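A quick write-up on the structure given underneath.
Start at 1 with the first residue, then count along the sequence. This structure is a prediction, so every number in the text was calculated from the model and none was measured.
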Amino acid sequence: MTEPDTQGPTHFIRNRIRKELEAGQYQQIITRFPPEPNGYLHLGHAKSIALNFSVAEEFGGYTNLRFDDTNPAKEEQRYIDAIKEDVHWLGYAWKHERHASDYFEQLYEWALHLIDHGLAYVDSQDADTIRAQRGTLTEPGEESPFRNRPREESRDLFQRMRAGEFADGAHVLRAKIDMASGNINLRDPVIYRIRHLTHPRTGNQWCIYPSYDYAHGQSDAIEHITHSLCTLEFEDHRPLYDWLLAHLPVPSRPVQIEFSRLNLDYTVLSKRRLTRLVDEGHVSGWDDPRMPTLAGVRRRGFTPEAIRAFCAEIGVTKSDSIIPFGVLENALRNDLNERAPRTMAVLRPLKLVLTNFPEGETEWLEAAVHPQKPDMGTRRIAMSREIFIEADDFMEEAPKKFFRLKPGGEVRLRNAFIIRCDEVIKDADGQVVELRCTLDPDTRSGQPGANRKVKGTIHWVSAVHSVQAEVRLYDRLFQTPDPAGDKAVDFIEHLNPESLVMIPDARLEPETAQARPGESFQFERLGYFAADPDGTPERPVFNRAVTLRDTWAKIESQA
């Protein structure tokens, strides 16, 4: 596992923790990452993971991974496994693995404590009625007729709720706070519901489950979390978080600090919307390389180093903003430019015959694995009489500034010779199917004419030695920067029909076909590509992770 950086750019949370440590408020910083195991982690979670783990490590503390498994209706073990894999892949290690369900008994006892102290009551109204009584931002809520239920009666009902005597929805437990509060979260929030469901870890031991708002702060306190770092949507929940800690005999008093969540253009980061994309078959699954899940971007070819660099670049603030997707892609380009070996691949092959190259012979050329990194060594490239070039690199009626191959024109084959196009072969429909060219043997590296200049250089592969491969060209999943912005239009309507283009008969240098899943290369002149798990050495599959340049920036500037 690659070790994460522990020193990142300064921000208001780091500054606050530093001052608190200097003032002696804490002996050790302990944070937690508390995902719900009801889906896969996405790039927004990566920002939270990087923040929680990095600040704790920077100040000599540690981070717990705690699964918020309080809703068995949506939770599955496969999500728990995927979350753990993603956190490890990002390069982080947690001190303790915990689950909110570890604390169900203690949370239940503390709920009885609230009842006994007149701070909670069992409400026997249905959910719609309770919701209607909450009031609005400008009107106070209406007190439940059960609000002043005797404590003994509420305790008895709550114990019977646990024993399974009542159907789902028959009763709830509510904290007794203030129905006139300006903060709706303090208007007697529901803290326990009846749900006769099998829990992934506790089985059928429980049929009442705590709300996230109730379980979160108390779980933090049990684990002696010092700083509960949350995104801004939890800011209005902080008074409830603090109220519960103040009215329960908890062993510690964590503080909640909010920061802005990640918003990326041309994507959605709502787990509800991502689930819909998967369930309705708009993508192939949670790890579809177009998905902003960590499993998806990993399969596409993103590296953990690039994701961490992206999180460091966007920073931690209190202000919501939308980050251009190109910032994420540039982080990957910067990383892969340093590490990815170079190779040649032809995506849309056009046959080219070198008429003055001996039939049946092979000439071996040498090329750098990485032109800026001699220590990465060299690779051997086979030259044969028949080669493939990109169809786009030839134009029969070329404009003046077309510097690739045209009839009578010359180009340099990368790492090889200068060639001249002598003849164009077409099929019965008039389509170009073959080019016949001659090479200049004196222009090979080390030969007298090696320095002869031509304006164009194109890539190629040997027709005999290259391996056929499937290449998947991935692009932004949506056509519009804010697909969920217009509430009158279903975000599905904004899906980009060109987000995946399949190329079944690309050609690769043969060694590339041996790549392990996830291994990245720069296909020269084309972009950065990663081997997909679907591939085999006989039939490799490669995903385009990112183009060499930000082509969308030009499109947006012209919009």
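For the residue pair E338 / N334, no side-chain donor-acceptor distance below 3.5 Å is found, with atom types taken as modelled. Side-chain contact check for T457 and R414: no donor-acceptor pair (N or O, by modelled atom type) lies under 3.5 Å. Using modelled atom types and a 3.5 Å distance limit, the side chains of E223 and N64 yield a donor-acceptor pair.
Using a 4.0 Å cut-off between charged side-chain N and carboxylate O, D220 and R66 make a salt bridge. With salt bridges taken as basic N to acidic carboxylate O contacts below 4.0 Å, none links R544 and E470. Taking a cutoff of 4.0 Å between a charged side-chain nitrogen and a carboxylate oxygen, R290 and D288 qualify as a salt bridge.
Looking at residues two or more places apart in sequence or on another chain, you find a side-chain hydrogen bond (donor to acceptor under 3.5 Å, both in side chains) between R195 and N71. Under the ring pair (Phe, Tyr, Trp, His ring centres under 6.0 Å) criterion, Y40 pairs with Y79, W286, not counting sequence neighbours. In terms of the ring pair (Phe, Tyr, Trp, His ring centres under 6.0 Å) criterion, residue partners of H237 (sequence neighbours excluded) are, by chain and number, F234.
Across all non-hydrogen atoms, the minimal contact from L350 to E434 is CD1-N, 4.1 Å.
Side chain of E509 to main chain of A345: no donor-acceptor pair is present (N/O by atom type, distance under 3.5 Å, no hydrogens or angles).
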Exercise. Passes side chain to side chain donor-acceptor pair (under 3.5 Å), S101 versus T202? Steps please.
Worked result: CA-CA 7 Å; S101 56; T202 62; 6.0 Å; no
Problem set entry | Chi angles and distances behind the side chain to side chain donor-acceptor pair (under 3.5 Å) call for D475, S499 | CA-CA 4 Å; D475 211 330; S499 64; over 6 Å; no
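The aromatic ring centroids of F259 and H11 lie 6.0 Å or more from each other. Checked against a 6.0 Å centroid threshold, the rings of F53 and Y92 count as neighbours.
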